[in-house]
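Down below is the structure, laid out as structure tokens.
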Amino acid sequence: MADPSSYRPRPGEIPDSPGVYKFRDEHRRVIYVGKAKSLRQRLANYFQDLAGLHPRTRTMVTTAASVEWTVVSTEVEALQLEYSWIKEYDPRFNVKYRDDKSYPYLAVTMNEEYPRVQVMRGHKKKGVRYFGPYGHAWAIRDTVDLLLRVFPVRTCSAGVFKNAARTGRPCLLGYIGKCSAPCVGRVSEEEHRELAEEFSDFMAGRTGTYIRRLEKQMTDAAEEMEYERAARLRDDIDALKKAMEKSAVVLADATDADLIAVAEDELEAAVQIFHVRGGRVRGQRGWVTDKVEDVTTAALVEHALQQLYGEETGDSVPKEVLVPALPDPVEPVQQWLTDRRGANVSLRIPQRGDKKSLMETVARNAQQSLILHKTKRASDLTTRSRALEEIAEALDLDSAPLRIECYDISHLQGDDVVASMVVFEDGLARKSEYRRFQIKGFEGQDDVRSMHEVITRRFRRYLAEKEKTGEWADGDELSDLKDDEGRPKRFAYPPQLVVVDGGQPQVAAAKKALDELGIDDIAVCGLAKRLEEVWLPDDDDPVVLPRTSEGLYLLQRVRDEAHRFAITYQRAKRAKRFRSSPLDDVPGLGETRKQALIKHFGSVKKLRSATIDQICEVPGIGRKTAETIAVALAQAAPAAPAVNTATGEIMEDTEDGTPGTTAGAPGEPVPAGAPDERRGQET
């Protein structure tokens with residue numbers, strides 16, 4: 001591991017001008033390429049105190065052994081040079097989008113003497129017109145099959161074409177009218193090229209011209225009583241319309257645009273692109289990347305633009321590119337796109353209307369792509385096995401932890417403190433084993449004490465179950481311990497590893513709880529969110545797993561699942577507390593009769609002031625029950641009035657007894673003495 005100060009340039013050496021820089025490791029391999037408006041200011045950020053750097057940036061600068069730079073005239077030139085160097089050196093710390101599949105394109109080889117329509121993948125060739133990408137090759141073949149009725153362009157390979165020319169007999173498509181058969185001279189080279197141009201224009205979105213022309217020809221043929229020709233033209237029109245229906249109209253103004261959306265988490269990002277031509281979605285593609293550097297959404301968008309248009313020119317770069325966040329600064333990127341297109345390109349964030357709605361659809365596709373990628377990654381047996389082995393090696397365990405339990409604490413400003421326990425077996429979630437806890441030992445906010453209580457309660461139950469099944473060997477009496485939920489054997493199976501969401505204090509609390517119970521065969525670790533460091537008991541320094549480690553990825557999945565489960569439970573408890581009514585404390589009063597009381601009196605406030613005889617008038621309420629209700633409501637102190645914090649107005653009770661807004665009062669009520677979610681923060 002290198003010390004960045006050992007290769008830091010001397011003051012004044014770095015120019016204060018635009019440029020591109022490269023970090024190299026001790027073997028002179030380029031590990032990172034970046035661009036900057038000011039090389040001096042940007043590079044100075046890398047040579048500050050290591051503790052202030054993001055973990056990924058810190059790893060990069062300590063892996064590097066030297067830095068060098070190239071000065072350019074403008075930021076646009078810097079963008080172009082950065083792209084070229086990334087393609088040339090493939091640096092390990094740069095964002096590298098990997099296509100989640102090899103997308104097929106519909107290609108028209110205008111660079112050949114007799115252009116050919118075919119499915120093509122891989123790198124694009126000069127002189128070939130591409131349409132797509134498509135999700136499946138069969139979708140291209142279906143579209144081509146429909147269009148060949150109207151535009152009978154050659155689709156055969158070079159060998160078939162030469163053989164037909166040699167024998168003087170066309171292939172089957174030539175006999176059935178789906179190829180103009182230039183191989184045997186039925187059309188000239190110029191006529192066939194014109195057909196290929198018309199085919200390309202139709203695929204590019206200029207569809208109205210051909211539809212109207214064929215409709216006029218069909219009408220003329222019918223008027224001249226050439227009904228067979230009119231019928232053929234009618235079938236041609238139907239074929240074109242069916243081909244058009246395969247790509248839905250999404251933008252009514254016949255817009256040519258690419259829409260780019262990003263879905264990301266702390267480790268990975270998925271990018272989805274919709275290609276809209278002539279107002280129709282003509283293609284879709286997606287990429288996934290590991291976030292091996294500290295990168296923002298705007299930077300991910302910029303890298304996606306480089307990946308998407310780095311090799312494109314002319315009409316392949318659309319007039320409009322819609323993104324979720326603009327690169328900073330945006331002007332060089334927009335100018336770079338304009339230069340590649342040869343005409344002005346608009347790069348912006350859609351704000352309203354159909355384009356914003358379509359962008360939301362693209363964003364949902366990106367999110368689904370990321371979820372699918374993670375699911376495939378998690379479900380792979382080899383990957384899971386490697387992850388468990390990496391965890392065992394990093395934590396110095398005797399064997400791979402086949403059962404992992406993770407605990408998290410959640411509350412809102414110290415109220416409704418709860419905890420979650422999630423279980424992963426063989427690297428997969430076992431949701432039937434998930435458990436939830438209410439913190440009962442104390443009031444207020446103390447994550448460390450809460451963690452100690454939860455671990456103690458969970459493993460006391462484990463010891464109790466062990467005693468019940470005859471596995472308890474030490475002779476201790478634990479029969480007074482009972483399962484709070486009345487479900488035997490809920491905690492009968494011990495984990496090999498306990499993970500807590502937090503750092504050293506939470507790990508120490510969990511370890512202390514296990515020691516107090518005499519359990520010494522279960523490993524404990526903590527995963528801190530901020531730096532993704534793994535903490536072990538009694539260790540002053542964390543274990544740092546590589547960012548690309550499958551073991552770290554599994555620990556993060558376990559931790560994030562525990563956090564999600566805890567937050568869900570805490571929100572449900574808070575919502576239930578806000579919806580509570582004094583009638584909930586009346587013994588023997590069910591939901592049906594509570595609703596009947598509220599419907600009869602209108603509110604709990606009016607019910608509280610009613611006499612016993614008046615309560616007895618409610619269907620289903622006898623005198624004894626009415627007396628119980630009256631006593632319970634009299635003993636229950638009226639809640640402090642709720643106040644609208646925006647206006648200062650006092651809220652009236654709603655029908656179910658919870659605070660509500662007074663007539664005409666704007667804003668949402670916040671019960672007095674209760675945490676305001678607009679100010680509070682969940683943990």
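- Note that OG1 of T57 and CG of N45 are 9.5 Å apart. Values are rounded to the nearest 0.5 Å.
- With salt bridges taken as basic N to acidic carboxylate O contacts below 4.0 Å, one links E302 and K35.
- At least one donor-acceptor pair under 3.5 Å links the side chain of N365 to the backbone N or O of T361.
- Between R435 and E405 there is no salt bridge, since none of the side-chain N atoms of the basic residue sits less than 4.0 Å from a carboxylate O of the acidic one.
- Note that CD of Q496 and CZ of R403 are 8.5 Å apart. Values are rounded to the nearest 0.5 Å.
- Proximity of Q306 to L79: side-chain heavy atoms (C-beta onward) are separated by under 4.5 Å at one or more points.
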Open item on the list: Pair F565, K431 - check side-chain contact (heavy atoms from CB on, under 4.5 Å), show working.
Closed with: CA-CA 10 Å; F565 195 51; K431 294 193 176 184; over 6 Å; no
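- Taking CZ of R460 as the reference point, atom CG of L517 lies at 6.5 Å (rounded to 0.5 Å).
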Task: From CA spacing to verdict: side-chain contact (heavy atoms from CB on, under 4.5 Å), L552, L527 - done: CA-CA 9 Å; L552 177 61; L527 185 61; 4.2 Å; yes
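- No side-chain donor-acceptor contact under 3.5 Å links Q506 and Y407.
- With I86 as reference, V33 is the one residue of V30, V33, V20 to meet the side chain to side chain contact (heavy atoms under 4.5 Å, CB included) rule.
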TODO: Would you please test K440 and E453 for salt bridge (Lys or Arg N to Asp or Glu O under 4.0 Å) and show each step?
DONE: CA-CA 8 Å; K440 305 175 181 178; E453 176 182 331; over 6 Å; no
- [ ] Start with the C-alpha gap between D328 and T296, add the side-chain angles, then the distance that decides, and say whether side-chain contact (heavy atoms from CB on, under 4.5 Å) holds.
- [x] CA-CA 10 Å; D328 184 24; T296 63; over 6 Å; no
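- Between the side chain of E516 and the backbone N or O of A513, no donor-acceptor pair lies under 3.5 Å.
- Partner E561 forms a side chain to side chain donor-acceptor pair (under 3.5 Å) with one of H563, R564, R557 and no other, that one being R564.
- Classification of the F23-Y7 ring pair by plane angle, with boundaries at 30° and 60°, yields perpendicular.
- The side-chain heavy atoms of L308 and W287, taken from C-beta on, include a pair separated by under 4.5 Å.
- E390 contributes a side-chain N or O that, together with a main-chain N or O of E550, makes up a donor-acceptor pair within less than 3.5 Å.
- Defined by atom type and a distance below 3.5 Å, a donor-acceptor pair is missing between the side-chain atoms of S410 and R571.
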TODO: Take Y46 and Y32 through the test side-chain contact (heavy atoms from CB on, under 4.5 Å) and record every step on the way to the result.
DONE: CA-CA 12 Å; Y46 292 102; Y32 185 75; 3.5 Å; yes
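- With hydrogens and angles left out, the side-chain atoms of Y89 and N94 include no donor and acceptor closer than 3.5 Å.
- To the nearest 0.5 Å, the span separating CG on L428 from CD1 on I404 amounts to 11.0 Å.
- No donor-acceptor contact under 3.5 angstrom links the side chains of R8 and S5, judged on distance only.
- Side chain of R40 to backbone of I14: a donor-acceptor contact under 3.5 angstrom is found.
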